[in-house]
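Whatever order the structure lists ligands and atoms in, that order sets their numbers, starting from 1. None of these values were measured; they are calculated from a predicted model.
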Amino acid sequence: MTTPHPRMALTEEVAEALRDGRPVVALESTIISHGMPYPQNVEMATEVERIIRAEGAVPATIAVLHGTPRAGLDRADLELLATSPDVGKVSVRDLAHVIARGGHGATTVASTMRLAALAGIRVFVTGGIGGVHRGAERSFDISADLTELATTPVAVISAGVKSILDIGLTLEKLETLGVPVLTYGTDDFPAFYSRVSGFRSPLRVDSPEEIAATMRAQWELGMTAGLSIANPVPEAEEIPAERMDGVIERALAELAEAGIGGKDATPYLLGRIVELTEGESLRTNIALVKNNARLGARIAIHYAAGAR
Ligand code: PSU
Ligand code: MN
């Protein structure tokens, strides 16, 4: 057990669970503020916390509020993140400044990993991680999520990587960075909306026990990198890649036309994809986050049991 960093504010529930070595699962907040429309975003955030509790773990949604990095939020906090235009998208490079000015920030995968690690949380559930954008050889647009995975010891459960990114280059980059990429229950690396991306999984695992044991081995060896755990969307909810391809091509073309880049690129693409699929992609997005929450809670339970 690690003592939480003094700059982190934990709820009593999260602090006690960590003190007692009980399972805790971190959740990000950019997905709430910049990844989904209202009110589905706050409903998703609440439902995911409920699922994690029902599985027997403690949820800890992470954000910066009034300049304080927090782990564990209440309904009013979630509502604020879901509705307020004052909540910026905060990745690692933005953390210090939002804290210094006492502002609000929705944390990305990268900054959520960093704050989770400072709180002493090792398991983190999200929908999709950032990666190497298509055309990165010119734009240099590679998400800080990847550099964070290379340096911060947290296991991140996602549904793989969206094909708004270059999935092949993202997998190559993760290999270079020494990040274990485990796929749960399948030999195919999943593509978020779709169960199959056309890329093989680097490593297949078939149980939460095996994932928890891999986390332990990774960190007992003194390696500080995190792990990327890819959990395919349930079959009933998936949108086949053939159907998503056209939508994603169109959203990418519109992004280029609008001249949008930098940190606004991912939120823009996510929003356009929801519009272009008339909400179908949103239903899939919500379903896969819930599915990841179930797996993440089970991993946290096995990890906590082994750490005692
Ligand atoms: N991918 C998704 N949904 C998301 C994000 C990525 O499928 O909500 C969010 C996550 O918070 C992720 C961030 O960390 O976007 C990556 O942004 P960027 O590409 O600007 O690094
Ligand atoms: Mn970027």
With no hydrogens and no angle check, just 3.5 Å: does a side-chain donor-acceptor pair link [X] and [Y]?
| X | Y | value |
| --- | --- | --- |
| Thr126 | Glu28 | yes |
| Tyr193 | Glu280 | no |
| Arg75 | Thr46 | yes |
| Ser29 | Thr107 | yes |

Return yes if some donor-acceptor pair links the side-chain N/O of [X] with the main-chain N/O of [Y] below 3.5 Å, else return no.
| X | Y | answer |
| --- | --- | --- |
| Glu238 | Arg195 | yes |
| Asp145 | Gly130 | yes |
| Thr68 | Val64 | no |

**Report entry** the Mn ion (ligand 2): protein N, O or S atoms [distance under 2.8 Å]
**Finding:**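 Counting only protein N, O or S atoms under 2.8 Å from the Mn ion (ligand 2), the list reads Asp141 OD1.
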
Query - Under 4.0 Å from ligand 1 - residues by heavy atom, chain and number - result: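 Within the 4.0 Å shell of ligand 1, which is judged on heavy atoms, sit Glu28, Thr30, Ile31, Lys89, Thr108, Val109, Gly128, His133, Ser143, Asp145, Lys162, Phe192, Thr266, Leu270.
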
Requested in this report: Output all residues satisfying ring pair (Phe, Tyr, Trp, His ring centres under 6.0 Å) with His104, sequence neighbours left out; order by chain, then residue number.
Outcome: His66

What pairs of donor and acceptor atoms, side-chain ones from residues 251-259 against any protein atom, are under 3.5 angstrom apart with sequence neighbours left out?
unit_1, atom_1, unit_2, atom_2, d
Glu254, OE1, Arg272, NE, 2.5
Glu254, OE1, Arg272, NH2, 3.0
Glu254, OE2, Arg250, NE, 3.2
Glu254, OE2, Arg272, NH2, 3.2

